[in-house]
Structure formats: structure tokens, C-alpha cells
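This report refers to the structure that appears directly beneath it.
Along the sequence shown, residues are numbered consecutively beginning with 1. What you see is a predicted model, and the numbers here were worked out from it, not measured in a lab.
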Amino acid sequence: MSAYDEEESKFMRKVKENPFVPIGMAGFFSIVGYRLYKLKSRGDMKMSVHLIHMRVMAQGFVVGAMTIGVIYSMYKDYIVKPREELKALQQQTAFQHK
């Protein structure tokens with residue numbers, strides 16, 4: 001396995017563990033790119049105000065994606081996983097009684 005394949009598999013593993021990180025990054029770069037594209041048509045708005053608005057929107061998207069990711073992770077750890085463990089325990093108990 002080459003170093004490139006190793007890095008790619010490591011990246012894909014991280015994406016599967018935390019799917020909202022690449023979503024947050026994509027949203028961040030999309031917002032920044034769009035606002036930089038719209039820079040010339042900002043009208044009479046000061047450059048500093050435009051950049052602050054861009055930063056706040058991009059950070060808000062990233063924080064939102066991180067929050068959704070944490071909620072998703074907690075859902076998996078505290079709701080889905082205990083259900084699966086309970087179901088496995090019930091199946092094991094039923095198998096032992098046969």
C-alpha cells in the first residue's frame with residue numbers, strides 16, 4: 001500500500017467518523033468564495049464591514065455544522081448503540097434458552 005493510499009484511507013475513515021467536518025469546511029469555503037466574488041458589488045459598504053460579515057457567516061456555518069455533528073455523535077453513542085446492545089443481549093438470551 002502506497003503512502004497516497006494510506007492517506008486516502010485515513011481521510012475516508014475520518015470522514016466516516018465525523019461526516020460534518022468536511023461539510024463545514026465546504027460551507028466555509030463556499031461562503032468565503034461567494035462573498036469574495038460579490039466584493040465588487042458591495043455598494044457603499046465599507047470593506048471592513050463586508051469582511052466582518054463574511055467572517056461571521058462563514059464561522060456561523062462551521063459552528064452550526066460542528067453542533068449538528070456533536071448532536072449526531074451523541075445520538076449514535078447514547079441512543080443507537082444502547083439499542084443495538086440491548087437487541088444483541090436479547091438475541092443471546094433467547095439463543096441460550098433454546
Using a 4.5 Å cut-off on heavy atoms from C-beta on, say whether the side chain of Lys81 contacts that of Glu85.
yes

Taking every heavy atom of Arg35 against every heavy atom of His53, the minimum-distance pair comes out as NH2-CB, 3.8 Å

Could you report the tightest heavy-atom contact between Val62 and Phe28, atom names first, then the distance?
CG2-CB, 3.7 Å

If you draw a 6.0 Å radius around CE in Met66, do more than 12 non-hydrogen atoms from other residues or ligands fall strictly inside?
no

Quick check for you: to the nearest 0.5 Å, what is the distance between Ile68 atom CD1 and Tyr75 atom OH?
15.5 Å

Least distance between heavy atoms, Ala65 atom then Gly24 atom:
CB-CA, 3.7 Å

Do other residues, nucleotides or ligands put more than 12 heavy atoms under 6.0 Å from Met74 CE?
no

Donor-acceptor pair, distance only, cut-off 3.5 Å: does the side chain of Thr67 make one with the backbone of Val63?
yes

Arg83 (side chain) donor-acceptor with Val80 (main chain) under 3.5 angstrom:
no

For the residue pair Pro19 and Tyr72, what are the closest heavy atoms and their distance?
CG-CE2, 4.1 Å

Could you tell me whether the side chain of Leu36 reaches within less than 4.5 Å of the side chain of Met54, counting heavy atoms only?
yes

Value for NZ (Lys46) from CG (Leu51), rounded to nearest 0.5 Å, stands at 13.0 Å

Verdict with supporting geometry, Tyr34 and Ile31, side-chain contact (heavy atoms from CB on, under 4.5 Å):
CA-CA 5 Å; Tyr34 176 74; Ile31 290 170; 5.8 Å; no

